[in-house]
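A short write-up of the structure that comes next.
Letters go in sequence order (proteins before strands), and every chain restarts at 1.
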There are 4 protein chains.
Amino acid sequence: MDAPTPPDRKRTAVTRDPERTRRSILDAATVEFTAKGLNGARVDDIAARAGANKRMIYHYFGDKEGLYLAALEETYVAIRAAEIQLKFTERDPVEGIRELIHFTWRYFVEHPEFLSMLGTENLHRARFLRQSKRIRELHSPLIGMLSDLLTRGAAAGTFRPNVDPVQLYISIAGLGFFYMSNRHTLSTIFGRELDATDALTERGDHIADVILSYLQRKP
Amino acid sequence: MDAPTPPDRKRTAVTRDPERTRRSILDAATVEFTAKGLNGARVDDIAARAGANKRMIYHYFGDKEGLYLAALEETYVAIRAAEIQLKFTERDPVEGIRELIHFTWRYFVEHPEFLSMLGTENLHRARFLRQSKRIRELHSPLIGMLSDLLTRGAAAGTFRPNVDPVQLYISIAGLGFFYMSNRHTLSTIFGRELDATDALTERGDHIADVILSYLQRKP
Amino acid sequence: MDAPTPPDRKRTAVTRDPERTRRSILDAATVEFTAKGLNGARVDDIAARAGANKRMIYHYFGDKEGLYLAALEETYVAIRAAEIQLKFTERDPVEGIRELIHFTWRYFVEHPEFLSMLGTENLHRARFLRQSKRIRELHSPLIGMLSDLLTRGAAAGTFRPNVDPVQLYISIAGLGFFYMSNRHTLSTIFGRELDATDALTERGDHIADVILSYLQRKP
Amino acid sequence: MDAPTPPDRKRTAVTRDPERTRRSILDAATVEFTAKGLNGARVDDIAARAGANKRMIYHYFGDKEGLYLAALEETYVAIRAAEIQLKFTERDPVEGIRELIHFTWRYFVEHPEFLSMLGTENLHRARFLRQSKRIRELHSPLIGMLSDLLTRGAAAGTFRPNVDPVQLYISIAGLGFFYMSNRHTLSTIFGRELDATDALTERGDHIADVILSYLQRKP
DNA sequence: CATGAATGAGATTTCATTCAT
DNA sequence: TATGAATGAAATCTCATTCAT
């Protein structure tokens, strides 16, 4: 009697590497959502860009919104991971603030996808962010660091007292965010190349100047 | 004997008033694009909200993108019209700057549609704004006003010299824009009610404080 | 007491000339139907081309199909009017046939709208033509003339006997029709400028040569 | 012992056979475009006739015009495939010409879709044909065969010399094309059943007679 | 785990026709 | 007679999602 012929399992060239497939879908999704928003992005395009089968998206992420949420979470995970590297404990308050500002500015310049995802998420009134327990638990260490620098600076008489760290953080971020995220309209309106390397450096210095002027002004 | 029957004039809801129809479509479009972006907005919903026939949208605006462009133009026309009311010629530079800041802040608070349209337009890399000769020719008077205040303030020794008015304008706008346009994610992340009336007033004062500290700091 | 004010009848610049309006609509319709067929033609475009109000089309012609039928009838009226000018009674049969051929060919060359309307009508399987009592009663005099020339030519021994005038007419027309009505595809396929003046003259001579060879061949 | 139960292969009506789906869409499209032209044909009707989902049309052919172009190409591919079967190399010129005529005539009689697609394409001034590299490269062998027969016939003294094969081909085709493609209007105008079997045979003979009279006439 | 053809619901757009003036 | 805004029905096209293999 014959042994049963083994199932003719076609061995595809494609990596049967689940984690890698997931990853490439997520990266592709971030690119597409960044470029076109939640509604403008196409599931087909994401699959094509990921070199993955469309079905896999549904397998890993449930549906388009699930994928968007995952991409949004990734975006936050990435910035938190970067923030966590910063250490200001031993630092001079002025230098610490300056570095925090430049870190934030640099992150915005180097991560346009973060700005774009934020814009998209706000268009949707943070509907997805609110759903994400994961993001909500991912506290930014920046507020704590800022708080520490402000306290020490105030104690040393260098900074004005009673500065609200959240208010200040929003200012630091806002000074950079608006410039970068709205660079397309601003460039058109003002006829300036806001993207130019020199312009970016200048903006970073300007932000630091503005914020430190505020902190160092005696009330 | 019967009273004469009144002429059976069917009072339709229909306006038969082209300018009004156009206007109501445009208003409805602004609401929808503001709430859902270019791709998320639905032509059907816009027509329904306008109380107009869908066909009219195509009659007046060509297609969905034409309508979006018209709504974007309207948005810019409106802010320019508000800006033009401001008069600082005779004003003390510090007071002038303060009013300019509060005007900008108030406009953002009262016109969320402006922020949203700006965000949407930037997601599309200013593709529509660039097409619009009308907007490009609609220069903001703010830069000129700011320039004048800065010159006078520097001459009087009140302000630091050589401040770039465009850079400064971007800072004034950015300090307000980020707070308002990203209030949904920020509220979620920081667990604060950024929308509260007190919070809004406080933010306005903070912005003025930050900007004036910068301008008044002696280099 | 005041005399009643006369009704404010706005006197438009536009000619209140019914016949002329009708005529211009009909001409515009012929152009549009010729260029795009029944389904491809647009009522709006016809009205615009006619410089008339769209409503007038419905007033004069009932609906789009009514207008198409009217244009089709016009087309037939025009060719019949041209045909009726021909007189062969006294003519030498060979010369008569030659002239009839050249007349037909010239008409096709000079009236592409006739060819196109014919093509369109055949696509619709003569649905409209069959409805038109007017066209059906508008007999072409050509068959009669042809018949007379054939009889006389046969009697004189110049032409072969028993030629079916309808069959022959279809041949004369077909030799010209196909060349002209299919000139776009034929030019593309054969890479020749069938529209060139010389080519048109040559074709006319060829058709006469073909037909006369047939008629004059002794069986 | 039991026979193994066959796998429960649900035999759906669905084909899940891409090539077959494509094919059936194409066939349905040809029928619809033939009957109603490019503008008159309905994508819905084509899908229904093909037993396919409308979406598939867009998947395989891009849009309605893409489908039309594909159908047009198919039509040309089919006639070229038929033409290629003809072999006249060894044939007596008169018999060869006669067969070529009858082939052409028969093809027109049996393939009304070819005539109709040609008519539609010419209404559109060969806009699609010109786009189609595929068709332009699909040279008809008929001109070559005709050329060969004419040369041999002239050498043998049977045919007149210097006959332009393109001119002659257009005549052969035109004598058949007009009769068939315009049979609806012609039948109505002349009150004859041009479609009747006898009429068709008679027409074929007439065409051969006309063409051979021309070729055999001594100049 | 992976594929990609297929689907249904719904989006945008078009168009002949009617209505209020 | 004339206007042109307005309409409803239907057309084309899109897209997230599912299904057979």
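- Side-chain atoms of Lys54(C) come within donor-acceptor range of the base of dT17(E), with a qualifying N/O pair under 3.5 Å.
- In the set dA11(F), dT13(E), dT3(E), dT3(E) carries the atom at the smallest distance from any side-chain atom of Arg55(A).
- As judged by a 4.0 angstrom heavy-atom cut-off over every strand, Tyr60(D) is placed among residues touching the sugar-phosphate backbone only.
- Judged by distance alone, with hydrogens and angles left aside, Lys64(B) brings no side-chain donor or acceptor close enough to the base of dT13(E) to form a pair under 3.5 Å.
- Nucleic acid contact for Asp44(D): base, since at least one base atom lies under 4.0 Å from a heavy atom of the residue.
- Side chain of Val43(A), nearest nucleotide from dC19(E), dT17(F), dA6(E): dT17(F).
- Residues Glu73(A) and Ser132(A) have side chains that bring a donor and an acceptor to within less than 3.5 angstrom of each other.
- The Asn53(B) side chain lies nearest to dG8(F) when the options are dG8(F), dT17(F), dT17(E).
- Between Ala52(D) and Leu38(C), the one whose closest nucleotide on DNA chain E sits nearer the 5' end is Ala52(D).
- Remark: side-chain polar atoms of Glu121(A) are not paired, donor with acceptor, to backbone N or O of Leu72(A) under 3.5 angstrom.
- Side-chain atoms of Ser116(D) do not come within 3.5 Å of backbone N or O of Pro112(D) as any donor-acceptor pair.
- Among dT14(F), dT17(E), dA5(E), the nucleotide with an atom closest to any side-chain atom of Met56(D) is dA5(E).
- Listed candidates were dA16(F), dT12(F), dT17(E). Nearest to the side chain of Tyr58(C) is dT17(E).
- Side-chain contact check for Leu26(A) versus Arg23(A): some heavy-atom pair is nearer than 4.5 Å.
- Summarising the geometry, the separation between CD on Glu65(C) and C1' on dA16(E) is reported as 11 Å, rounded to the nearest angstrom.
- For His59(C) and dT1(F), the shortest distance from a side-chain N or O to OP1 or OP2 is below 4.0 Å.
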